[in-house]
Amino acid sequence: NYVIDHNINEKKIYFNNDLTVGYPVDQETNTITVLEKRRNSFEKISEDSVLVYCFGGSTMWGSGVRDEHTIPGFLNSLKENDKYQFLNFGIPAFGSTQELLKLTNLITSGNIPDKVILYDGAVDIVSAQVRIVNKPMDKGRLLSIITALYKLSNSHVVVNGLSQRIKSIKNKSSKSDYKLKAEDKILIEKAIEKYFSNIALIKHLGEIYNFDVYAFFQPFLLSGIEYRNNNLDKFENNTYLSNDLKTLKIIESFYTQVSNLKKDEKWFFDISDIFVKKQIVGNYFDDVHLGPKANKLIAEEIYKNIID
């Protein structure tokens, strides 16, 4: 079974080293291929290649989709000029902090890119309030995700479930509404400060080592952007509403504030509302991960903003 196999394969590949500088171990399975300590994105590197390092969490890595349907996989298939080669350095559960450390580790090892793509947002706020775990899903939840994945998949593609799950806060709020408390606001403020500090440090590394940096603020179902604009299908609506109200309010506030703070930065691109702007629904198969068509749309948006 493809879905079960992929779930098992991802659990084997995750975090074989320290989380901050970890990497997947090279291996080829029937669902995932890892080459040179990164997921295969079909890059063809030559002496005149422009190397574009793609950083992110499981959404960049491509949980739930085949190698060719990850964001870097699509970027390599979209490119008009073969000199641009997109390398997938996404690692499940990585946020901007881990990416800063990972990039620093690569640079000190002599691996200096020409361009860097950062694709973040979800992990930076989720990791500030809940614990990310790597464990099997309950059968009911897995079945729900599989159903959504089959709906999102192309007719010739079977996309798969994921093992990396976001664990919601245990005590669900019974209130019909939730107002952010002082400690919530402090948590959000610190998460925003940390996120901007990390990407600013990466931008500064680019200035020192002469590579361009492009930060993309990713779409996230739990941000409420699609929900507030009634731009979701039944599965997405139910998935959003099944989450803890406090968690939703914190994520919504984080996303709103980040979107309002970086509008004038030429290297920062807020694509968190891309599905609303395009009026496309049925993009997510869980809280944050996307199917092939949505990943292709993200790749197209990234591509047009970074290619000279």
Side-chain angles (χ1 to χ4, degrees), residues 10 12-28 32-62 67-68 70-120 123-124 194-216 218 265-269 299 302-303 305-308:
E10 279 199 323
K12 289 179 180 178
I13 290 172
Y14 288 176
F15 314 134
N16 288 63
N17 202 332
D18 188 304
L19 180 64
T20 57
V21 292
Y23 56 85
V25 173
D26 286 11
Q27 60 181 290
E28 185 173 354
I32 300 171
T33 302
V34 177
L35 300 172
E36 299 183 8
K37 301 177 181 178
R38 60 180 182 271
R39 188 165 183 186
N40 180 29
S41 55
F42 306 96
E43 64 272 18
K44 297 177 181 179
I45 299 173
S46 61
E47 289 184 1
D48 63 343
S49 293
V50 175
L51 300 181
V52 186
Y53 288 9
C54 303
F55 290 94
S58 55
T59 49
M60 180 63 78
W61 157 271
D67 295 335
E68 62 267 31
T70 63
I71 293 170
F74 276 121
L75 282 165
N76 279 320
S77 69
L78 290 170
K79 61 183 186 295
E80 298 174 1
N81 190 326
D82 284 341
K83 70 177 182 178
Y84 290 97
Q85 300 296 320
F86 298 86
L87 282 61
N88 189 347
F89 284 100
I91 298 288
F94 266 31
S96 59
T97 299
Q98 290 78 24
E99 292 157 19
L100 170 62
L101 294 168
K102 179 70 174 179
L103 177 58
T104 302
N105 181 262
L106 287 167
I107 291 172
T108 56
S109 300
N111 299 299
I112 301 175
D114 298 298
K115 296 176 184 287
V116 164
I117 292 170
L118 307 173
Y119 183 69
D120 296 299
V123 171
D124 287 274
K194 187 177 182 181
Y195 171 62
F196 282 143
S197 295
N198 287 335
I199 64 174
L201 284 169
I202 293 173
K203 182 72 165 61
H204 187 53
L205 280 175
E207 294 167 355
I208 295 171
Y209 289 94
N210 196 31
F211 58 81
D212 298 322
V213 175
Y214 307 86
F216 292 85
Q218 72 180 119
E265 294 286 357
K266 294 182 179 179
W267 58 280
F268 183 90
F269 303 90
I302 290 173
Y303 186 84
N305 282 297
I306 73 165
I307 301 302
D308 296 332

Inset, instruction - Take the angle between the ring planes of F216 and F269 and call it parallel below 30°, perpendicular above 60°, tilted in between. - result: parallel
Legend entry - K194 backbone acceptor or donor facing S197 side chain under 3.5 Å: no
Inset, instruction - Find out whether C54 and F89 are in side-chain contact, i.e. whether some heavy atom of one side chain is under 4.5 Å from a heavy atom of the other. - result: no
Inset, instruction - Measure the CG-CG distance between L205 and L201 for me, rounded to the nearest 0.5 Å. - result: 7.0 Å
Inset, instruction - Could you tell me whether K83 and D48 make a salt bridge, using a distance below 4.0 angstrom between a side-chain N and a carboxylate O? - result: no
Inset, instruction - Please report the shortest heavy-atom distance between W61 and I91, naming the atom on each side. - result: CB-N, 4.3 Å
Inset, instruction - Quick one: closest heavy-atom pair of V123 and A93, and the distance? - result: CG1-O, 3.5 Å
Inset, instruction - Take F211 and L103 through the side-chain contact (heavy atoms from CB on, under 4.5 Å) test and state the conclusion after the steps. - result: CA-CA 12 Å; F211 58 81; L103 177 58; 4.0 Å; yes
Legend entry - Closest heavy-atom pair and its distance - F74, A299: CB-CB, 3.6 Å
Inset, instruction - Could you tell me the separation between the CG atom of L106 and the OG1 atom of T108, rounded to the nearest 0.5 Å? - result: 7.5 Å
Inset, instruction - Decide yes or no for F86 and Y303: does some side-chain heavy atom of the first lie under 4.5 Å from some side-chain heavy atom of the second? - result: yes
Legend entry - Least distance between heavy atoms, I71 atom then T59 atom: CD1-O, 3.9 Å
Legend entry - G73 backbone acceptor or donor facing T70 side chain under 3.5 Å: yes
Inset, instruction - Examine distances only and state if a side-chain atom of N88 and a backbone atom of P72 form a donor-acceptor pair shorter than 3.5 Å. - result: no
Inset, instruction - Working to the nearest 0.5 Å, report the span between CG of D124 and CD of Q218. - result: 8.5 Å
Legend entry - F196 and F268 aromatic ring geometry - parallel, tilted or perpendicular at 30°/60° bounds: perpendicular
Legend entry - Donor-acceptor side-chain pairing of S96 and D120 below 3.5 angstrom: no
Legend entry - Under 3.5 Å donor-acceptor, N76 side chain and S41 backbone: yes
Inset, instruction - For the pair D67 and R39, find out whether any cationic side-chain nitrogen is under 4.0 Å from an anionic carboxylate oxygen. - result: yes
Legend entry - Note, V52 side chain near I117 side chain (heavy atom, < 4.5 Å): yes
Legend entry - Side-chain heavy-atom pair D26, T33 within 4.5 angstrom cut-off: no
Inset, instruction - Would you give the length of the straight line joining atom CD1 of I112 to atom CD1 of I107, rounded to the nearest 0.5 angstrom? - result: 6.5 Å
Inset, instruction - I would like to know whether Q85 and V50 meet side-chain contact (heavy atoms from CB on, under 4.5 Å); could you show each step before the answer? - result: CA-CA 6 Å; Q85 300 296 320; V50 175; over 6 Å; no
Inset, instruction - Determine yes or no for a side-chain-to-main-chain donor-acceptor pair under 3.5 angstrom, with D114 supplying the side chain and L51 the backbone. - result: yes
Legend entry - Min side-chain heavy-atom separation N40-V34 under 4.5 Å: no
Inset, instruction - State, without any angle test, whether K115 and Y214 hold a side-chain donor-acceptor pair at a distance under 3.5 Å. - result: yes
Inset, instruction - Scan side-chain atoms only and decide if S77 and E68 contain a donor-acceptor pair under the 3.5 Å cut-off. - result: no
Legend entry - Closest approach of F94 to G56 (non-hydrogen atoms, all atoms of both residues): CB-O, 3.7 Å
Inset, instruction - Please test E43 against R38 for side-chain contact (heavy atoms from CB on, under 4.5 Å), starting from the C-alpha separation and ending with a verdict. - result: CA-CA 11 Å; E43 64 272 18; R38 60 180 182 271; 3.0 Å; yes
Legend entry - Inter- and intrachain pairs under salt bridge (Lys or Arg N to Asp or Glu O under 4.0 Å), touching residues 196-206, at least two apart: K203-E207
Inset, instruction - Please step through side-chain contact (heavy atoms from CB on, under 4.5 Å) for the pair L87 and F55, ending with a clear verdict. - result: CA-CA 9 Å; L87 282 61; F55 290 94; over 6 Å; no
